[in-house]
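Notes follow the structure.
Here is the naming used below: chain letters follow the sequence lines, and residue numbers restart at 1 for every chain.
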Amino acid sequence: MDSQVARTEIIRVEDVTKVYHDNGVPVNALRGISLAVSPGDFSVIAGPSGSGKTTLLNIIGTLDKPSDGKIILDGENVASKTRRELAGIRLKKIGFVFQAYNLNPVLTALENVEFTMMLRGIDARERKRRGMALLEQLGIAELAHKRPNEMSGGQQQRVAVARAISNDPRLVLADEPTANLDSGTAIKLLKLMEKLNHEGGITFVFSSHDPQVIERAHRLLILKDGHIVTDKTNQ
Amino acid sequence: MISKIAWRNILRNKRRSLILTASIVVGVFALILARAFVRGFMEQMLTNQIGTDVGYIQIHKPGYQADPGIDNSIESPGLIKEMLEGDSTMLRYSERLRTYGLICSAYNSAGVSIVGIIPNEEKKITTISQYIVKGEYLGDGTNQIIISTAIAEKLKAGLGDKVVIMASQPDGNIGSEGCRVCGIYETSNSGFDQTHVYASIQTLRQMLNVRNMVSEFVIDPVRRTMMPVVLDSLRKELQAVSGPSNRYEIMSYEQMLPLFVMQLGFYDQMFYVVYGIIAIALIFGIIDVMLMAVLERTHEFGVAMAVGMSNGKIFRMILVEAFLLGIAGTIVGLVIAYFTCLDLSRFGWDLSMFAASLRSWGSGSKIFPILLGSDVIKAAVIIPFVTVIGSVYPAMKAIRLHPVDAIRSI
């Protein structure tokens, strides 16, 4: 069953719920979400604050566990995986782009990109070669030896994208990637991601309420109070 | 790359890293200096004991060590003298007659160990002749005596004054002899000074009414490293001389000073306790600093976990950070301690302000620390290891973080 899923879907979410406890009071962040994402999709999960977008993205990205339900990533049911196995899945299959860029402040742009490759055990020379190639591809090769505090927000987010795709992941999860960027920089970044989606076949799933992101989505899922209220494919 | 990240994280908060490194430096420095100081102190105590009185090797009658009275002295020392003269190990020796008795002046008296020596021979074996502070060392004549400053004060006796020594003769009568004080000595051991007076062996034999009696042969192997060889050779020769009757016994300074040797061993063991105490203090310091470092970087650990860094690698990164700090602190501490010890071992650590107390220990008031390579190696291994141990708890805290919560933290 799982291997059949792997051929057609990169993400399968089945009846996922997430209940938080806030001072002992249960808060239902997700209430029975089910969805499937095909390889190469460029999907956006939108919705108002507190609707459960980030929670869903975290659960898909194996950073958080659902209270109930099933998550199948690239044919693998992740529910029963250990922390170590989940770290391995994230390393090999998922790239993350965060709203606040989240680059390591003590590393240069190139080293930040190399970091995930190092975790995967790629040797130093190959890491450097691939890291530089990625920075060139994203148009920030001149920033290779600069640290995050020497870069603008847009530049940092490009480095974050380079880091996210450095291990050739099948899936990139981007949590509000344009929220801290001005509109011009945000459009440039989105175009870059679209290009990676078209040319590299990388599946992108965004959580965002930025109209610029939503209008570029191939598929739009709108969450409200932990439910998917809209699931539409843009033409 | 893990080491590179660890190193940059160390440099990131320079003040904190500096404080931790400084505490390691102080710990290592104190540890090494204390070790070298105590070793130097103990070695000086031992050397003084050997040099002033005991010597490296002694031959006497069996049981003399337990009851060093005149009754346990060797009546016919000729065979041993012949044996020592014929020994091939280039040793030096001197014979002594020793008894316990009284020394009296017109004012006071004191119970002392009266040591009868052959002045010129004794000079080659022990250092007592070098401690003369007033007057002269014993000459060839009889009825001269050297006493310590402490005894001189007690007896109110000075150079040239007449004192009387008296002790039991082998037949139970009391023998006495009037002697003139020819010299006053002062060693680095106040306890020794209060209980020892020196006269020529003839004077003592005269007083005790004995002819050739010798209490102890004190043997110097010339070089300390030669001692086991000399001891072994003498043991065999002595066995041949005394035959199956076991008339003599030979003892090394370790056998003659068992409490002292035990004390040396005790101090060696005690230093493991000192290591332990310093290690515990360091561990708490490291836990504190590394916990702060983990707390400050919770967000970064969350991101690292998100991008696929395993718990093992996060754990290792924190341990490497502590290890690098430990190595840096240890190296600096060792270098400072080494040069301090080097300087002090050349010129000595003058503790004249504690002279009275140090004289009661018999060490002298200037201590020359002795640093061994093994001290450096032990510190170089133990301290960085301790810093790693101290970082285990903070590392455990880091890997127990939940990625989502960690990313949310600022």
Side-chain angles (χ1 to χ4, degrees), chain A residues 18 20 29 54-55 57-59 61-65 82-108 110-124 127-128 131 147-149 160 163-167 169 173 175, chain B residues 1-18 289-290 292-322 324-325 328 395-410:
Chain A
K18 181 70 185 178
Y20 290 115
T54 300
T55 304
L57 213 64
N58 285 339
I59 287 175
T62 76
L63 296 176
D64 206 354
K65 291 208 165 192
T82 62
R83 279 182 70 139
R84 186 190 168 94
E85 287 168 336
L86 291 176
I89 289 171
R90 290 196 293 271
L91 182 63
K92 290 171 192 162
K93 296 188 175 176
I94 308 171
F96 286 90
V97 178
F98 302 94
Q99 179 181 340
Y101 331 126
N102 290 345
L103 299 177
N104 190 320
V106 299
L107 300 180
T108 64
L110 178 61
E111 287 165 345
N112 263 290
V113 178
E114 282 186 58
F115 181 68
T116 45
M117 291 190 266
M118 178 275 290
L119 294 177
R120 209 165 166 183
I122 297 168
D123 73 79
R127 285 198 315 250
K128 190 155 274 183
R147 290 201 184 179
N149 62 355
R163 178 181 65 185
I165 61 171
S166 60
N167 275 337
L173 300 174
D175 186 15
Chain B
M1 194 168 194
I2 294 271
S3 305
K4 190 194 276 183
I5 298 171
W7 184 246
R8 287 192 190 163
N9 278 324
I10 288 170
L11 297 178
R12 191 174 180 180
N13 195 329
K14 291 191 183 75
R15 189 190 297 172
R16 190 175 55 210
S17 301
L18 207 65
V289 170
M290 294 308 290
M292 281 301 294
V294 166
L295 197 70
E296 277 177 12
R297 280 155 45 205
T298 298
H299 176 78
E300 282 170 44
F301 288 125
V303 175
M305 285 171 178
V307 300
M309 193 170 193
S310 65
N311 281 352
K313 285 201 168 83
I314 290 174
F315 193 83
R316 208 169 74 204
M317 188 169 76
I318 295 168
L319 260 53
V320 166
E321 239 176 270
L324 289 175
L325 281 170
M396 295 288 288
K397 292 284 273 187
I399 63 170
R400 281 186 193 142
L401 290 170
H402 193 272
V404 170
D405 298 333
I407 291 170
R408 275 198 205 115
S409 76
I410 298 163

**Asked** So which heavy atom on A87(A) is nearest to which on S310(B), and how close?
**Response** CB-CA, 4.2 Å
**Item:** Separation of L91(A) CG from K313(B) NZ (nearest 0.5 Å)
**Value:** 7.5 Å
**Pairwise distance CZ(R83(A)) to CZ(R400(B)) - rounded to 0.5 angstrom** = 10.0 Å
**Complete:** Per-residue tally against chain B (heavy atom, under 4.5 Å) across K92(A), R163(A), R84(A) peaks at R163(A)
**Request:** With a 4.5 Å cut-off on heavy-atom pairs, point out which of T55(A), L107(A), N167(A), L63(A) contacts chain B the most.
**Result:** L63(A)
**Prompt:** Would you call R8(B)-E111(A) a salt bridge at under 4.0 Å N-O?
**Reply:** yes
**Asked** Can you tell me if NZ on K397(B) sees more than 12 non-hydrogen neighbours from other groups inside 6.0 Å?
**Response** no
**Message:** Quick check: do H402(B) and D64(A) have side-chain heavy atoms less than 4.5 Å from each other?
**Reply:** yes
**Asked** Relative to chain B, which segment of F115(A) carries a heavy atom at a distance below 4.5 Å: side chain, backbone, both, or neither?
**Response** both
**Request:** Starting at CG of N9(B), measure out to CG of N104(A) and round the result to the nearest 0.5 Å.
**Result:** 6.5 Å
**Request:** Could you tell me which portion of N102(A) (side chain, backbone, both or neither) has an atom closer than 4.5 angstrom to a non-hydrogen atom of chain B?
**Result:** both
**Complete:** Turns out that what part of R127(A) lies under 4.5 Å from chain B's heavy atoms comes down to side chain
**Asked** So how far is it from L103(A) CG to E300(B) CD, rounded to the nearest 0.5 Å?
**Response** 10.5 Å
**Asked** With a 4.5 angstrom heavy-atom cut-off, which part of I399(B) approaches chain A: side chain, backbone, both or neither?
**Response** backbone
**Request:** Grab the two heavy atoms, one from F96(A) and one from A306(B), that are nearest each other, plus how far apart they are.
**Result:** CE1-O, 3.1 Å
**Asked** Taking all non-hydrogen atoms of both residues, which atom of P105(A) and which atom of R12(B) are closest, and how far apart?
**Response** CG-NH2, 3.1 Å
